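Notes to accompany the following structure.
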Amino acid sequence: MLWGVEIVQDKEKLLPYPRKEEVAERLWQHLFRDGIILYKGLAGGEGDALVVAPPFTITSDEVSLLVDKLGRAVEEILYPAMEDYALDI
């Protein structure tokens, strides 16, 4: 099982964040500190991406935990001023 997660500023236009913001790197560091290990990369050479590659033995509870932590990391890294706002991701 592999999941590719592309991180963009605008979902409709697929506009990437500027590379100087190192969005994938910041998300990766946050998740790593929280016990989640992912692969970071570039989407099309310009944008940010994460690859989730859990072991085949992952349980549904662990998948839920991973998705929850990924969502919280996106909220905390990309939208720090909007702590009380729940994102639709």
Side-chain angles (χ1 to χ4, degrees):
M1 171 181 359
L2 286 173
W3 308 329
V5 181
E6 185 175 359
I7 302 111
V8 295
Q9 289 185 74
D10 185 317
K11 285 177 23 176
E12 290 181 23
K13 296 179 184 175
L14 299 179
L15 179 66
Y17 285 92
R19 276 304 308 137
K20 66 181 180 180
E21 291 189 28
E22 298 183 331
V23 173
E25 291 84 349
R26 292 180 7 222
L27 285 168
W28 184 89
Q29 288 173 343
H30 185 284
L31 289 160
F32 186 79
R33 283 192 305 264
D34 208 16
I36 303 295
I37 300 174
L38 307 175
Y39 299 96
K40 57 189 169 190
L42 301 176
E46 297 279 329
D48 296 283
L50 296 172
V51 176
V52 182
F56 288 122
T57 58
I58 193 167
T59 66
S60 59
D61 287 342
E62 291 168 331
V63 170
S64 294
L65 178 69
L66 190 155
V67 170
D68 182 56
K69 287 187 177 191
L70 179 57
R72 279 195 259 146
V74 168
E75 289 176 351
E76 291 175 22
I77 296 297
L78 300 180
Y79 305 99
M82 303 173 78
E83 292 173 351
D84 296 327
Y85 179 74
L87 294 177
D88 178 28
I89 52 176

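Heavy-atom basis, side chains included; hydrogens, waters and symmetry copies ignored. Computed from a prediction, not measured in an experiment: that's the story for all the values here. Along the sequence shown, the residues carry numbers beginning at 1.
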ask   = Going through the distances and angles, do L78 and V23 end up as a side chain to side chain contact (heavy atoms under 4.5 Å, CB included)?
value = CA-CA 8 Å; L78 300 180; V23 173; 3.6 Å; yes
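- Separation of atoms CD1 (I36) and CG (L50) is listed at 12.0 Å; rounding is to 0.5 Å.
- Residues E6 and P16 are not in side-chain contact: their nearest non-hydrogen atoms beyond the backbone lie 4.5 Å or more apart.
- Cluster partners of L15, using a side-chain heavy-atom cutoff of under 4.5 Å among ILVMFWY residues and allowing indirect links: none.
- Pairs passing the side-chain hydrogen bond (donor to acceptor under 3.5 Å, both in side chains) check and including a residue from residues 50-63, sequence neighbours excluded, read T59-E62.
- Linking Ile, Leu, Val, Met, Phe, Trp and Tyr whenever their side-chain heavy atoms come within less than 4.5 Å leaves L14 and Y17 in two separate clusters.
- Across every non-hydrogen atom of A24 and A49, the tightest pair is CB-O, 3.7 Å.
- Note on I77 and V52: same hydrophobic cluster, where clusters join Ile, Leu, Val, Met, Phe, Trp and Tyr whose side-chain heavy atoms are under 4.5 Å apart, directly or indirectly.
- Follow the hydrophobic side-chain contacts under 4.5 Å out from Y39 and you never reach I7; the two are in separate clusters.
- The heavy-atom pair separating M1 from F56 by the smallest distance is N-CE2, 3.6 Å.
- Under the side-chain contact (heavy atoms from CB on, under 4.5 Å) test applied with D48, the options K40, R26, E25, E22 reduce to a single match, E25.
- The two residues L38 and W28 have their closest heavy-atom pair at O-NE1, 2.7 Å.
- When hydrophobic clusters are built by joining Ile, Leu, Val, Met, Phe, Trp and Tyr residues whose side-chain heavy atoms come closer than 4.5 Å, directly or via intermediates, V51 is not grouped with L65.
- The CG atom of D34 sits 11.0 Å away from the CG atom of L70 when rounded to the nearest 0.5 Å.
- To the nearest 0.5 angstrom, F32 atom CZ is 15.0 Å from L27 atom CG.
- In the hydrophobic clustering of this structure, V8 does not group with Y79; members are Ile, Leu, Val, Met, Phe, Trp, Tyr whose side-chain heavy atoms approach within less than 4.5 Å, directly or through other members.
- Smallest separation of non-hydrogen atoms from L2 and A53: CD2-CB, 3.3 Å.
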